[in-house]
A.B. asks: 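Dumping the structure here so I can ask a few things about it.
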Amino acid sequence: MIENISASIVAPVGPRRISAGWETATKVNGPQIAFAGDLLRGQRFRIGLPEHVSNFGRLPSGLTPQVVFETLRAANLTGRGGAGFPFVRKLETVARAQSRKGAVVVANASESEPLSKKDTLLMRNNPHLVLDGIAIATAALGAKSAYIYIKDKEAQVAVAAAIRERRDRGVEEVKVSVVEAPSGYVSGQETSVVRRIERGPALPRFSTERVAVSGVKGAPTLLANVETFAHVALIMRFGVDWYRRIGSGSDPGTRLVTVVGAVERPGVYEVAPGLQLSSLLREAGGSQVRAVLLGGYFGGWLSAPSGTELDFALDDVSLSERRLSMGAGVIGVLNRDTCPVVEAAGIVEYLAGQSAGQCGPCVNGLPEISTSFARIALSSNVDRGLTELRNVIPLVEHRGGCQHPDGVIGLVRSTVGTFADEIRLHKQGRCSALGSHRSVLLPASAPLGAMAAAVGR
Ligand code: SF4
């Protein structure tokens, strides 16, 4: 594996970094953006090892643990799975916690956020880039085992074929096992991933210890999103300066985002953090945008009554000024046909049904929150709904065994705070939505609950 990088390989420029070579990747009009994958078509365009090496070159030689740690520290790569945690801090924690058990490396492609497709497309298209990142991390930690936790069937086939291809071509690296991730919103949480790899249920585990200290079978475990590992592979090839050429000091590099909802070209885009949200939505074919849910179901709403609210850069500073984050890289778009409060109530109902059924406040509290929120959304009794929410939320918040209930409460708060005007209209039995509501952000597989039935999923 450790061979000199070919002199003919040139680092990708512009936003096509991870998606360089993907069959569907095309240039779009903005210089900070690449369309990387269409959600509506099946993608079966796996890049084999020769093409992968031809696109990116081989991994360079001399990647000692010290070089890897120092390079990733200087790169300031943040996790692409949702929390945005600095990758090197996880790496350092695992290295410090190493004991006789040795370390374990886990790449998470469970993509339990229903609207996200970026990890699926990455694994279907270029599993070798992720495997390179895993190889670098395992070598730096001296880890003896590694796993890819993955839900999508086609992606499982692609990654299994890539592992076989590497073995057949004599690539020396730690054995990587593929573990199937079941569906379910909580199946991608860190402790759920660890339990599943240990052959248990993919449900959260109650533990005060971080998986970086005690994860798979008690071993310190480096668990990160697959896109993060892909960035590791590129940074170690092309260096810190190249990586940081795009983005800002605190938010460098490109990221994959999934744009869904009321847009003509839903799909996965590779974007630079300086890109304006309005430019991205224009490229995706969004018009008459009324609101955006940023970061996924546990993200936050942005209201766009005039459209100018979308004119800001998708970097960490601009987002935090608006109390938003990219989260799992999902951008859900609503146009003026859709009431965001009704849409949010459908999502809350779906999430209430995703409780792992292990903690009373979550099992009993989330359905109550959903029912109260539905009163507001359906204008059946808005005041009662608001009062009930005020009463029940303190009984649930911070009282679950995992972040699930707090994530749901965050979405409820964001909806009530962002769309206060809309809720006032609902109080009068009116709604500003122009069309008859059809949900655009609920997964097709969501059970048909009361809200989903009412909103015409
Ligand atoms: S808080 Fe909810 S989702 Fe989390 S472990 Fe408890 S029951 Fe499961």
A.B. asks: State, yes or no, whether a side-chain contact exists between Leu277 and Leu302 at a heavy-atom distance under 4.5 Å.
C.D. replies: yes
A.B. asks: Taking atom types as modelled, find out whether Ser318 and Asp315 have a side-chain donor-acceptor pair closer than 3.5 angstrom.
C.D. replies: yes
A.B. asks: Going by atom types only, do Ser250 and Asp316 share a side-chain donor-acceptor pair under 3.5 Å?
C.D. replies: yes
A.B. asks: Do the side chain of Glu309 and the main chain of Gly307 share a donor and acceptor less than 3.5 angstrom apart?
C.D. replies: yes
A.B. asks: For the NE2 atom of His128 and the CD1 atom of Ile47, what is their distance to the nearest 0.5 Å?
C.D. replies: 9.0 Å
A.B. asks: Do side-chain atoms of Arg195 reach the backbone of Pro204 as a donor and acceptor pair under 3.5 angstrom?
C.D. replies: yes
A.B. asks: Would the distance check show the side chain of Asp406 and the main-chain N or O of Glu397 forming a donor-acceptor pair, the cut-off being under 3.5 Å?
C.D. replies: no
A.B. asks: Would you please test Asp421 and Arg424 for side-chain contact (heavy atoms from CB on, under 4.5 Å) and show each step?
C.D. replies: CA-CA 5 Å; Asp421 289 351; Arg424 272 194 285 279; 2.5 Å; yes
A.B. asks: Just wondering, do Arg196 and Ser187 contact through their side chains at under 4.5 Å, heavy atoms?
C.D. replies: no
A.B. asks: Can you tell me how far the CD1 atom of Ile18 sits from the CG atom of Leu121, to the nearest 0.5 Å?
C.D. replies: 12.0 Å
A.B. asks: Identify the two heavy atoms, one from Val396 and one from Gly365, that lie closest to each other, and give their separation to 0.1 Å.
C.D. replies: CG2-CA, 3.6 Å
A.B. asks: Go through the side-chain N and O atoms of Ser432 and Arg290 and say whether any donor and acceptor fall under 3.5 Å apart.
C.D. replies: yes
A.B. asks: Under 3.5 Å, is there a donor-acceptor pair between the side chain of Thr93 and the main chain of Arg89?
C.D. replies: yes
A.B. asks: Taking atom CD as the centre, does Gln428 end up with more than 12 heavy-atom neighbours from other residues, nucleotides or ligands that are less than 6.0 angstrom away?
C.D. replies: yes
A.B. asks: List the atom of Ser192, the atom of Tyr149, and the distance in Å for their closest heavy-atom pair.
C.D. replies: O-OH, 4.4 Å
A.B. asks: Locate the shortest heavy-atom distance separating Ile246 from Pro273; write the atom from each residue and the value.
C.D. replies: CG2-CD, 3.7 Å
A.B. asks: If you look at every heavy atom in Ala352 and Pro367, which pair is closest and at what distance?
C.D. replies: CB-N, 4.1 Å
A.B. asks: Should the heavy atoms of other residues, nucleotides or ligands under 6.0 Å from CZ of Arg73 be counted, would the total exceed 12?
C.D. replies: yes
A.B. asks: Does any part of the side chain of Phe419, heavy atoms only, come nearer than 4.5 Å to the side chain of His426, both counted from C-beta?
C.D. replies: no
A.B. asks: Would you verify whether the NZ or CZ of Arg322 falls within 45 degrees of the ring axis of Phe312 while also being under 6.0 Å from that six-membered ring's centre?
C.D. replies: yes
A.B. asks: What's the spacing between Asp119 CG and Leu256 CG if we round to 0.5 Å?
C.D. replies: 8.0 Å
A.B. asks: Can you find a heavy atom in the side chain of His404 that is under 4.5 Å from one in the side chain of Phe298?
C.D. replies: yes
A.B. asks: For the backbone of Pro60 and the side chain of Arg237, can you confirm whether one donor and one acceptor N or O come within less than 3.5 Å of each other?
C.D. replies: no
A.B. asks: Can you see whether Ser19 engages Glu270 through a side-chain donor-acceptor pair at a distance of less than 3.5 angstrom?
C.D. replies: yes
A.B. asks: Would Leu314 and Arg255 count as a side-chain contact (heavy atoms from CB on, under 4.5 Å) here? Give the steps.
C.D. replies: CA-CA 10 Å; Leu314 287 170; Arg255 64 170 66 243; over 6 Å; no
A.B. asks: Report yes if the side chains of Val263 and Ile331 come closer than 4.5 Å at any heavy-atom pair, otherwise no.
C.D. replies: no
A.B. asks: Please check this pair: side chain of Ser214 against backbone of Val211, looking for a donor-acceptor N/O pair closer than 3.5 Å.
C.D. replies: no
A.B. asks: Tell me if the CZ atom of Arg323 is crowded by more than 12 foreign heavy atoms within 6.0 Å.
C.D. replies: no
A.B. asks: Evaluate the side-chain contact (heavy atoms from CB on, under 4.5 Å) criterion for residues Val232 and Leu72: first the C-alpha distance (whole Å), next the side-chain angles of each, then the deciding distance (0.1 Å), finally the verdict.
C.D. replies: CA-CA 8 Å; Val232 168; Leu72 293 176; 4.3 Å; yes
A.B. asks: Within this structure, what is the CG-CD distance for the pair Leu334 and Glu343, rounded to the nearest 0.5 Å?
C.D. replies: 5.5 Å
A.B. asks: Show the nearest heavy-atom pair for residues Asn335 and Ser287, with the distance to one decimal.
C.D. replies: CB-O, 3.7 Å
A.B. asks: Kindly say whether Leu203 contributes a backbone atom to a donor-acceptor pair with the side chain of Arg205 at under 3.5 angstrom?
C.D. replies: no
A.B. asks: Compute whether any side-chain donor of one residue and acceptor of the other, for Thr338 and Arg336, lie under 3.5 angstrom apart.
C.D. replies: no
A.B. asks: Specify whether Phe56 and Phe238 have parallel, tilted or perpendicular ring planes, treating 30° as the upper limit for parallel and 60° as the lower limit for perpendicular.
C.D. replies: tilted
A.B. asks: Look at the side chain of Lys427 and the backbone N and O of Asp383, then say whether any donor-acceptor pair between them is shorter than 3.5 Å.
C.D. replies: no
A.B. asks: Parallel, tilted or perpendicular, judged at 30° and 60°: which one describes the rings of Tyr185 and Tyr297?
C.D. replies: parallel
A.B. asks: Tell me, do Ser183 and Lys151 make a side-chain contact under 4.5 Å, heavy atoms counted?
C.D. replies: yes
A.B. asks: Kindly determine whether Val268 and Leu122 satisfy side-chain contact (heavy atoms from CB on, under 4.5 Å), including the steps that lead there.
C.D. replies: CA-CA 10 Å; Val268 173; Leu122 170 60; over 6 Å; no
A.B. asks: Is the shortest side-chain N to carboxylate O distance from Arg124 to Glu111 below 4.0 Å?
C.D. replies: no
A.B. asks: Sub-3.5 Å donor-acceptor pair from the side chain of Arg16 to the main-chain atoms of Pro12, do we have one?
C.D. replies: no
A.B. asks: Just verifying a value: how many Å separate Leu293 CG and Thr415 OG1, rounded to the nearest 0.5 Å?
C.D. replies: 8.0 Å
A.B. asks: Please round to the nearest 0.5 Å and tell me the distance separating atom CG of Leu141 and atom CG of Leu222.
C.D. replies: 6.0 Å
A.B. asks: So, does Arg244 use its side chain to make a donor-acceptor pair with the main chain of Ala75 at under 3.5 Å?
C.D. replies: yes
A.B. asks: Between Phe87 and Asn76, is there a side-chain heavy-atom distance shorter than 4.5 Å?
C.D. replies: no
A.B. asks: Tell me the closest heavy-atom pair linking Gly215 and Thr221, and the distance in Å.
C.D. replies: CA-OG1, 3.4 Å
A.B. asks: For the residue pair Ile393 and Arg413, establish whether any side-chain heavy-atom pair is separated by less than 4.5 Å.
C.D. replies: yes
